[in-house]
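Sequence positions, counted from 1, serve as the residue numbers for this chain. All ligand and atom numbering here is 1-based and tracks the order in the structure.
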Amino acid sequence: MNAPDKFAQLLSLTRAPFPASRKIHVPGQVHAGLRVPMREVSLSNGESATLYDTSGPYTDPAADIDVRRGLEALRTPWIETRGDTEVYAGRAAQAVDDGTRRQDRDDPQDPEAQRIAALRAQAAGLQRTPRRANAGGNVTQMHYARRGIITPEMEYIALRENTKREWMAEYLGDAERAARVRGNPMGAQLPAFVTPEFVRDEVARGRAIIPANINHPEVEPMIIGRNFLVKINANIGNSAVTSSIEEEVEKLVWAIRWGADNVMDLSTGKNIHTTRDWIIRNSPVPIGTVPIYQALEKVGGVAEDLSWEIYRDTLIEQAEQGVDYFTIHAGVRLPFIPMTANRRTGIVSRGGSILAKWCMSHHKENFLYTHFEEICEIMKAYDVSFSLGDGLRPGSGADANDEAQFAELRTLGELTKIAWKHDVQTMIEGPGHVPMHMIQANMDEQLKHCHEAPFYTLGPLTIDIAPGYDHISSAIGAAMIGWFGTAMLCYVTPKEHLGLPDRNDVKQGIIAYKIAAHAADVAKGHPASRARDEALSKARFEFRWHDQFNLSLDPDTAREFHDETLPKEVSKVAHFCSMCGPKFCSMKISQEVREFAAQQGIAENAALDQGMQAKSAEFRESGSEIYIPIHKA
Ligand code: IRN
Ligand code: FE2
């Protein structure tokens, strides 16, 4: 079977368009040629809903995708027009030879080496010549924003955040449609609709970041900041390398299908570099990594052998490939490590523990801290954003909000100032395990010490006793902290603490986090967020079952659950479901109440009384059974 066929087969499920949905593209105004993708769901009553869409061209049946070639590089003309970059030979290949490849040299006797050589050959069509800022230049979105420039990325984002068509109409100058939405319920501090100027201003202040490496031109720009939709991140790639590009890309496509706004490639082990080529070239969402993981591979897993030089080369190697943000645990300072000694669960961050080990064994300050300005120089040459790591996050409720955690957080605030001096975009990573009553303090401290740089938290898990269900224990904390102002939520899957997530675990984690993020958006009063809830509730009340499924976060499961008891097509228009049965459907009753009121010409409340009394009599007469088995026949 040739490659595209294999991919098509593997992706038949992940590439299927969502039911009743089509991809639409909204044109730019400031920048001609922008095409901002959204998902439009057609409803059976003739209306439609427009949804934020993270799935990229994969859910577009018209898109011609070849994973061995990579996605279309839509940002290349934007980057070239800016005229501030140069294409150069790059050092990625050399870095791989120096490091990763040293351990898995292509030894003809070694089947593993042969396998890896074959994998590398598959990636040949995906290697790109890198680009960097002209000497002494700075190509970060923050740098442009601070000079008052509205980039195509910024306008793209402004349009993308406006999923409510009417607001978009106003932006697009459709006065008639705009007039209908004057009385919208947006929150006081939020704009009526997101303008490109608002995006620019938020990025200039450091209150939002646009992770978009100039070497990742395939990315569909998105924004992370508390005055925008709350975003979620899914981690992939921490398992052993699969045998083909197709399988690796499939994991990514699966994650973005369900709504991952960002994906982090946390691969360890062999062939990290090649796997990353596969992922980035085929990813429409920003990709983050934790470069210390690869640096550790390069020194054979011995933390003490790490050095600034090896780390620096790894940063450049990954920046040339197009990684959009790096988790950098520069706040794990030597004096903070003893503060973890009496913790219940010590240091639980992978990166944090690697650096703590290096600091302790050399009795030296963390080299990421001492070389921070040099790291900024690298970041600004490619526009890689910082995700300042929380290496000392609590790993149990007992350790939440302790001295070590907050000492690190304050350091991340200091480092943010340094990054901003270089116009490098920065977000701050946060916990971890935090009981509900201690969550708000995390947001307060972050706002106080990190100068409003976006917060990006892992959950937090609100309790410690739910292995197997930690997507739930953490989504509760994530919803809360999102509401308080966290800009991005790092998902947790049901396999957390237990093993590697499989396909279904990834989906469960993402859906749990979409719920948390959306709950936060609704509570914050994001202008566009409620539209989908409104459309779905209306469909629910009017018994438009297909519309209810199609508007839901997971239409497949919604439909399957309904099918379990009422599989027939006629039930998809029935004015009841199997939960309460035909007689006790509260929605049906309230509709009857409305009709009754209209007929009788009396006020709805009075009718409600009468209607309820009638229903109450009916209920008693029928034997006062709450659950009516509907499949008796
Ligand atoms: C997010 C917030 N705090 C931690 N994270 C994520 O945890 C981080 O972005 C990365 O994806 C993952 C693993 O980080 P550690 O364990 O190396 O700190
Ligand atoms: Fe944990």
Undergrad: Over all heavy atoms of both residues, which pair between Val424 and Val384 is shortest? Give the atoms and the distance, please.
TA: CG1-O, 3.8 Å

Undergrad: Ignoring angles and geometry beyond distance, decide whether Val348 reaches within less than 3.5 Å of ligand 1 through its nitrogen or oxygen atoms.
TA: no

Undergrad: What is the closest protein heavy atom to atom 13 (C) of ligand 1, and at what distance does it sit?
TA: Tyr293 OH, 3.5 Å

Undergrad: Between Leu266, Val492, Thr486, Asp390, which one has a non-hydrogen atom sitting closest to atom 3 (N) of ligand 1?
TA: Asp390

Undergrad: Return yes or no for this condition: an N or O of Ser349 is under 3.5 Å from an N or O of ligand 1.
TA: yes

Undergrad: Suppose we measure from atom 7 (O) of ligand 1 to each protein heavy atom; which comes out shortest, and what is that distance?
TA: Leu458 CD2, 4.0 Å

Undergrad: Assess the side chains of Gln405 and Asp399: does a donor N or O sit below 3.5 Å from an acceptor N or O?
TA: no

Undergrad: Is it true that the NZ or CZ of Arg132 lies under 6.0 Å from the centre of Tyr382's six-membered ring and within 45 degrees of the ring axis?
TA: no

Undergrad: Looking just at side-chain N and O atoms, do Asn138 and Tyr144 make a donor-acceptor pair shorter than 3.5 Å?
TA: no

Undergrad: With a cut-off of under 6.0 Å to the ring centre and 45° to the axis, is Arg257 in cation-pi contact with Tyr58?
TA: no

Undergrad: Against heavy atoms of Thr327, which atoms of ligand 1 measure under 4.0 Å?
TA: 9 (O)

Undergrad: Give the atom numbers and elements of ligand 1 that come within less than 4.0 Å of a heavy atom of Arg350.
TA: 15 (P), 16 (O), 17 (O)

Undergrad: Side chains of Arg281 and Gln321: is there a donor and an acceptor less than 3.5 Å apart?
TA: no

Undergrad: Ligand 1 and Val290, any nitrogen or oxygen pair closer than 3.5 angstrom?
TA: no

Undergrad: Return the closest protein heavy atom for atom 8 (C) of ligand 1 as residue, atom name and distance.
TA: Glu429 OE1, 3.4 Å

Undergrad: Looking only at N, O or S atoms in His497, which is nearest to the Fe ion (ligand 2)?
TA: NE2

Undergrad: Heavy-atom contact under 4.0 Å between Ser387 and ligand 1?
TA: no

Undergrad: Using a 4.0 Å cutoff against the non-hydrogen atoms of Asn235, which atoms of ligand 1 qualify?
TA: 11 (O)

Undergrad: Answer yes if the side chains of Glu304 and His362 hold a donor-acceptor pair under 3.5 Å, and no otherwise.
TA: no

Undergrad: Under 6.0 Å between ring centres, would you say that holds for Phe367 and Phe372?
TA: no

Undergrad: Please identify which atoms of ligand 1 are closer than 4.0 Å to at least one heavy atom of His329.
TA: 15 (P), 17 (O), 18 (O)

Undergrad: Using a distance-only test with no angle check, is there a side-chain donor-acceptor pair under 3.5 angstrom linking His422 and Glu373?
TA: yes

Undergrad: Would you say Asn342 has more than 12 foreign heavy atoms packed within less than 6.0 Å of its CG?
TA: no

Undergrad: At what distance is the nearest protein heavy atom to atom 10 (C) of ligand 1, and which residue and atom is it?
TA: Met264 SD, 3.9 Å

Undergrad: List every atom of ligand 1 that sits less than 4.0 Å from any heavy atom of Gly351, numbering the atoms from 1 in the order shown and giving each element.
TA: 15 (P), 17 (O)

Undergrad: Do any nitrogen or oxygen atoms of Thr457 come within less than 3.5 Å of a nitrogen or oxygen of ligand 1?
TA: no

